[in-house]
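Predicted model only: the values in this text are computed from it and were never measured. Indexing begins at 1, ligand by ligand and atom by atom, following the structure's order. All residue numbers refer to positions in the sequence shown, counting from 1.
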Amino acid sequence: MGAQQVAERFAELYGAEPEGVWAAPGRVNLIGEHTDYNDGFVMPFALPHQAVAAVSRRDDGVLRLHSEDVEGGVVELRLDALAPGTDRKWTAYPAGVVWALREAGHEVTGADVHLSSTVPTGAGLSSSAALEVVIALALNDLYDLGLQRWKLARLCQRAENVYVGAPTGIMDQTASACCEQGHALFLDTRDLSQQQIPFDLVAEGLRLLVVDTQVKHAHSGGEYGKRRAGCEKGAALLGVDALRDIPYDGLDEALARLGDEEEVIRLVRHVVTEDERVERTVALLRAGDTRAIGPVLTEGHASLRDDFRISCPELDLVVDTALAAGALGARMTGGGFGGSAIVLAEAADVDTLTKAVEEAFAAADFKTPRIFEAVPSPGARRLS
Ligand code: GLA
């Protein structure tokens, strides 16, 4: 939905024009998976799919929320009654951001919000981060809070971790808040330092396909938290603050010190090699050798499948089929256990690859996947 339509719907719902309209995108992660809660490196870029919010301030301590994408009317909440863990619905994301802003001491006295999002939910494409960031940016502007983008991302992460109760890292919110069109974001999640890496696939005759397997994932479910706890155990056993501190060339020695901790060994190996893959990808892109990142993506998938153990038959089928049909590289993206895979391909091969994946899914009796091309798009911004 465009800004105009969202504003018109706001006016119908609330009886007045909104003070403004903002947008925040979903993301795909090119490389750097399950590294963000290990203080490591990630490299997402923004999708054209986005959450759009029309918002006005209120001064009576009331938050009114409405979404075009969810059945039901306007939800009315009192700001002083917002409390972590009390809301299990979509409203927890925007309400959690208001809660996090207020908890951090920022004066937000209420808001009327109408939302509409094109980011697929449960597809590993950060639909929840898009919702959080669009609200954070709108309130930052309207209440003149003066918070920088990285700080807004931190507050959104707090909303997700504490208010919603999903123990996620900082990648998704930072991607939505900070990505730039035509670039991938090389982010160091330890200090949130960022570099925008030019990533114009179309100019090079390449395409990046997103294959949403339609297998729904859920982060508040236990597996994500278990991996995170396993990584923290690894860091503790190795005497470092985070697995980021294990250098790639010291990996074998570190693994040897873990003795017979077989599961921790696998987790540590994934994280340390994945950080190296991000750095290798950045170096290749900087050198203009975009095609050469394909095998790095594929290596990343093998590591997520075999060491981190968060793939699933549908994701593996996308990767195997795409590679057999001539893709340059492919891997799952996002949290895992379903969601989406990405496929890097020559533009000329897109139709063949798409058909091959669709046929393989039909033959395996899997749900029909949703396949689209991802173009690095702008991060969060005010539309009107
Ligand atoms: C989810 C989380 C992120 C990150 C990825 C895995 O998307 O929200 O913080 O951990 O999984 O890389």
From the options Asp36, Thr333, Thr174, Leu125, select the one whose nearest heavy atom is closest to atom 3 (C) of ligand 1. Asp36

Looking only at heavy atoms, which two atoms of Pro94 and Leu115 are closest? And how far apart? CG-CD1, 4.3 Å

Show me, pair by pair, the donor-acceptor contacts under 3.5 angstrom made by side chains of residues 313-325, not counting sequence neighbours?
unit_1	atom_1	unit_2	atom_2	d
Asp316	OD1	His301	NE2	2.8
Asp316	OD1	Ser311	OG	2.7
Thr321	OG1	Leu317	O	2.6

I'd like to check which ligand 1 atoms, numbered from 1 as shown, lie under 4.0 Å from a non-hydrogen atom of Thr168. 2 (C), 8 (O), 9 (O)

Indicate yes or no: does an N/O atom of Asp172 lie under 3.5 Å from an N/O atom of ligand 1? yes

For ligand 1, find out whether one of its N or O atoms is nearer than 3.5 Å to an N or O atom of Thr35. no

With distance as the sole criterion, is a donor-acceptor pair present between the side chains of Tyr37 and Thr168 under 3.5 Å? no

Which atom of Leu155 lies closest to which atom of Leu101, heavy atoms considered: CD1-CD2, 3.6 Å

Whether Arg57 and Asp112 form a salt bridge (side-chain N of Lys/Arg under 4.0 Å from carboxylate O of Asp/Glu) is what I want to check. no

Tell me, with the steps shown, if Thr273 and Arg277 meet side-chain hydrogen bond (donor to acceptor under 3.5 Å, both in side chains). CA-CA 6 Å; Thr273 58; Arg277 282 186 285 274; 3.0 Å; yes

Which atoms of ligand 1 are found less than 4.0 Å from any heavy atom of Met171? 4 (C), 5 (C), 12 (O)

Taking a cutoff of less than 4.0 Å between a non-hydrogen atom of the residue and any ligand atom, is Arg27 in contact with ligand 1? yes

Taking only heavy atoms of Gly169, which atoms of ligand 1 are found under 4.0 Å from at least one of them? 9 (O)

